[in-house]
Amino acid sequence: MSHAALPDKPALEGLEAKWGEAWEAQGTYRFDRAAAEAAGKSSVYAVDTPPPTASGSLHIGHVFSYTHMDLAARYQRMRGKHLFYPMGWDDNGLPTERRVQNYYGVRCDPSLPYDPDFTPPFEGGDNKSSKAADQVPVSRRNFIELCEKLTVEDEKQFEDLWRALGLSVDWSLTYRTIGDEAQRAAQRAFLRNLSRGEAYQSDAPTLWDVTFRTAVAQAELEDKEMPGAYHRVSFHTPDGGTIEIETTRPELIAACVALVAHPDDERYQPYFGTTVRTPLFGVEVPVVAHRLAQQDKGSGIAMVCTFGDVTDVIWWRELDLATRPILGKDGRILADPPPGVEGAAAEVYAEIAGKTVFSAKARMVELLTESGDLHGEPRAITHPVKFFEKGDKPLEIVTTRQWYITNGARDEALNARLIERGTQVAFHPDFMRVRYENWVGGLSGDWLISRQRFFGVPIPVWYHLDENGEITGEPIVPTEDQLPVDPSSMPAPGFDEAQRGEPNGFVGEVDIMDTWATSSLTPQIAGRWEEDPALFDLVFPYDLRSQGQDIIRTWLFSTMLRAELEHGTVPWTNAGISGFIVDPDRKKMSKSKGNVVTPAAMLESHGSDAVRYWAASSRLGTDAAFDPQNPKQMKIGRRLAIKVLNAAKFVYSFPAPAAAEAGSAAVTEPLDIDMLATLSEVVQTATAAYDGYDHARALEVTEQFFWTFCDDYLELVKERAYGSQGEAGQASAVAALRLAIDVMLRLFAPVLPFATEEVWSWTHDGSVHTAAWPTVDEIGVDAQHGGLLALVSQALIGVRRAKTDAKASQKTPVTRAVLAAPALLSFAADDLKAVGRIAELELTEADEIAVVSIELGELPTS
RNA sequence: GGGCUCUUAGCUCAGUUGGUUAGAGCGCCACGUUUACACCGUGGAUGUCGGGGGUUCGAAUCCCUCAGGGCCCA
């Protein structure tokens, strides 16, 4: 044989590096496009891979979910599919900017010129070391260059980790969401949305993060419980009376445009249609009725401001109220008072102008106290406040001009289509579809995609300027063959750069797209949509989207949306949703706990197969407990991988008579046949399980068989395999053992790619990972004596127990034993005698196995 | 407040369309160094299937209800 010799002492150590290199060198996981094209789309299995946030750190949850994806991929590859399995990095967006700011101690100031010789103040800063005030301002281009540099470094580390984990991706198919191809795809998709009327610009109240100074989309919101206080404040009726409202935001009284109460609320019904004057400012505002006003909250009547929260926006829109904004994008009260705040009121307003929300509130409380409009002490409460999920300060609502993409929130037909598409995707587990449907059903506005940031895909439009230098007319768009474009550094088509900002010239859009506006196109990006139509047709729609449950509302939904808008189809036919990792106290694992073990250390100390086993033993959608101090499942996985090495080595160590080369045709002994028949059932079960994306079930059934194989079958036949019962019996045992190992290696291959490949290499030239998934036909036996293996196992346990009870070694010979057993057992009597060292075995027929009597002999002294 | 999900051995989890005595691994206890494996082997003990009610010849499984945990959305 040309294969590697059997090692004396097989070990897991070093297998990751050895086989990682071999797979790369041999192109084991390369997408064979020519073959795929020849065989047609149905021969392709395409995986839409989550591009991890390059600026984040990979944690154990990533390993969990990416392993689940890899299990499906490896199974399909062995089923003969051509795997299209790319990997991307999500490197654009706010997380990268924040990391770059901290790492290099810089911040972006787009007003500065580019400095080609710029070197950052330092490298390697962590999150705490860099305060905004200490950061060196740099030009947009310098800033982006640093982003580029750092993400490339980060991505290298990510790739190393994924390779160590044994992900079978085709590393020649890597993409970056900031790369030119991704930018082209994102801009092209946007332009098509625009031309179809699915993308539009609108002046609207927008959730705004004052720290990052950018607009934020609905999907990025997070409610946090925050302390607040109800302030009881008087509004004045024309007849000199007052209405008391309770508000947590007295600083917004200047922005008040109405009071609102529930239509059924008898206390306030007389006031509907009248007006009141605001305290301090004396602005006349209407008293209106709306069903969203909560009668049991505060005094049952609320002030509507432009804008204090999202309910204000609804009231403002539905009740057609005035607009009186007082809050700027920097989170401070605007310098100039809003419409209606005039004269003496403007002087009051000057007291809070320019202040932060916090200071303005304090000042307002003082002023209200002086005027007698504030009653009693503020009443402390805690209430949910909307935050940007990455932000540290509550979101404000400001009116800005932003870009949106329709998402079904205001379009019932589209909404219905999206729900319908959801039913065309097989979710694993199925109940995860509900999360998608809930999200689609609960959309409250179109998708805000513009961000006032720097490191991202530019929104590819320019604007005409009129003779006064004001923006006018329709946006200028590039042609698709000009993409990607950067309107902030490239002139608009048909213009010269010198005309930028000039009357009758142009300006470029400076906003970039939300990162999800690019990530929602991962199938199109990886499949080279419009750049390589033959490839795209071959892979799209994909077969599998694999991801965590936490990003159903963002990534999964937005990908469905883009595919529906652009292609009128689902982007993939299966969605595998992994659960998340909880610590031993069943709390969600978080970085802030400090005891997080990095995945690299985990792979290093337990071995990749062990870590994969841990992931594989959890079903999709099921949360997994993980205790870094005592990673039980990994230890078990490691033991299994070692056992696979040792068991295989043992099997291959038996001398093989020529007849054994005949494969299953040489298998003539009833016990051997029954073992293989049992294995056939395992193959059937495991195959069905993988077909249903139930890798945990496939692993469980394979593992259970493997241990029976090792503990019982292997022990039973080893004497015969050494040749103690003649050549035919030996050939039968050896052929059966080898066939079983061969099949089991392939069953285990997705979970334990390193150990199985190592063993496979001892007797094969190719990779186990491109070998054919085992089939019942290939095992090729008929179970004529069904249950024999199970029966002998049971008898063997009885004999072992007798020896254990006698505190004797299992080596102890048995001079005579009487077993009651079904007649079937006689077919394996010789093997049972051999393993039990039974000199004389008498069988009496019975329905149940029982050891009737046993006489132990003397252990030979050595 | 709404939706989803979970509750089975000390721990982590299986348990299919309801069907004999509810399983596995870990841990624990005892024994054993047998020519693959001490990162080992063999054997053993361990349950009010969250509580209550119902359907049924029969319920961990189906229905109702209560309690608790988790996630998502308000």
Side-chain angles (χ1 to χ4, degrees), chain A residues 6-13 218-219 221-223 292 294 310-311 384 386 429-444 548-553 577 579-580 582 584-588 606-607 610 613-614 617-619 621-627 630-654 685 688-689 692 694 696-697 699-701 703-704 707-708 710-712 714-715 718-719 722 737 741 759 796-813 834-837 859-860 862:
Chain A
L6 293 189
D8 278 347
K9 241 181 152 22
L12 297 178
E13 279 67 32
Q218 183 188 354
L221 298 187
E222 212 171 75
D223 276 1
L292 286 181
Q294 293 179 37
V310 289
T311 319
K386 297 226 177 298
D430 188 64
F431 66 77
M432 287 293 180
R433 179 182 294 101
V434 177
R435 308 243 176 131
Y436 167 81
E437 289 173 347
N438 285 349
W439 179 252
V440 175
L443 288 165
S444 64
Q549 54 178 313
D550 50 331
I551 49 176
I552 289 175
R553 64 177 174 164
I577 310 293
F580 54 76
V582 293
D585 302 326
R586 299 217 67 81
K587 294 271 161 36
K588 201 172 169 179
H606 298 94
Y613 174 91
W614 162 74
S617 55
S618 286
R619 291 169 305 162
T622 305
D623 301 341
F626 177 65
D627 181 356
N630 184 25
K632 279 188 216 163
Q633 285 295 313
M634 292 183 192
K635 290 178 178 173
I636 297 165
R638 181 176 175 80
R639 197 183 63 154
L640 175 65
I642 292 170
K643 189 84 173 177
V644 166
L645 294 177
N646 283 314
K649 186 199 134 187
F650 187 42
V651 164
Y652 292 133
S653 73
F654 291 115
T685 307
D694 189 354
R697 171 81 180 130
L699 171 60
E700 182 191 10
V701 67
E703 188 184 9
Q704 211 206 323
W707 285 103
T708 301
C710 290
D711 294 347
D712 296 341
L714 199 38
E715 296 293 333
K718 75 167 136 181
E719 293 297 329
Y722 278 125
L737 284 165
I741 284 288
V759 172
L796 179 56
I797 288 169
V799 173
R800 284 168 175 160
R801 176 162 39 210
K803 291 183 179 178
T804 299
D805 287 350
K807 298 188 191 296
S809 160
Q810 293 298 323
K811 263 198 313 196
T812 310
V835 67
R837 294 172 189 254
L859 201 58
S862 53

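Chain identifiers are assigned alphabetically (A, B, ...) following the order of the sequence lines, protein sequences preceding nucleic acid strands; residue numbering begins at 1 within each chain. Quick caveat: nothing in here was measured; it's all calculated off a predicted structure.
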**Q.** Residue mapping more 5' on RNA chain B - nearest nucleotide basis, A:R553 or A:E700
**A.** A:E700
**Q.** Side-chain-base donor-acceptor pair under 3.5 Å for A:R638 and B:C39
**A.** yes
Q.
So, OP1 or OP2 of B:U34: does either fall under 4.0 Å of a side-chain N or O from A:K811?
A. yes
Q. On a plain distance test, is the side chain of A:K643 in donor-acceptor contact with the base of B:C37 below 3.5 Å?
A. yes
Q) What is the nucleic acid contact for A:L645, judged by heavy atoms within less than 4.0 Å: base, sugar-phosphate only, or nothing? A) nothing
Q) Which part of the nucleic acid, if any, lies within reach of A:W707 when heavy atoms closer than 4.0 Å are counted: base, sugar-phosphate only, or nothing? A) sugar-phosphate
**Q.** Residue-phosphate contact under 4.0 Å: A:Y722 side-chain N/O, B:A36 OP1/OP2
**A.** yes
(Q) Using 0.5 Å steps for rounding, measure from the CZ atom of A:F650 to the CG atom of A:L737. (A) 8.5 Å
Q. In what stems does RNA chain B take part, counting only runs of at least 3 consecutive Watson-Crick or G-U pairs whose two distances fall under 3.5 Å?
A. B:1-7 with B:67-73, B:10-13 with B:23-26, B:28-32 with B:40-44, B:50-54 with B:62-66
Q: On the 0 to 90° scale, with breaks at 30° and 60°, tag the A:F626-A:W614 ring pair as parallel, tilted or perpendicular.
A: tilted
Q: For nucleotides B:U21 and B:C49, find the distance between their C1' atoms and express it as a whole number of Å.
A: 15 Å
Q) Rounded to the nearest 0.5 Å, what separation is found between the CG atom of A:L443 and the CG atom of A:N438? A) 11.0 Å
Q | Side-chain N,O (A:R435) to OP1/OP2 (B:C72) below 4.0 Å | A | no
Q | Any A:K807 side-chain N or O less than 4.0 Å from OP1/OP2 of B:G32 | A | no
Q. Taking only side-chain nitrogens and oxygens of A:Q218, does any of them come within less than 4.0 Å of OP1 or OP2 of B:A74?
A. yes
Q. In Å, rounded to the nearest 0.5 Å, how long is the span from CH2 of A:W707 to NZ of A:K643?
A. 4.5 Å
Q) Donor-acceptor pair under 3.5 Å: do we get one between A:Q704's side chain and the base of B:A14? A) no
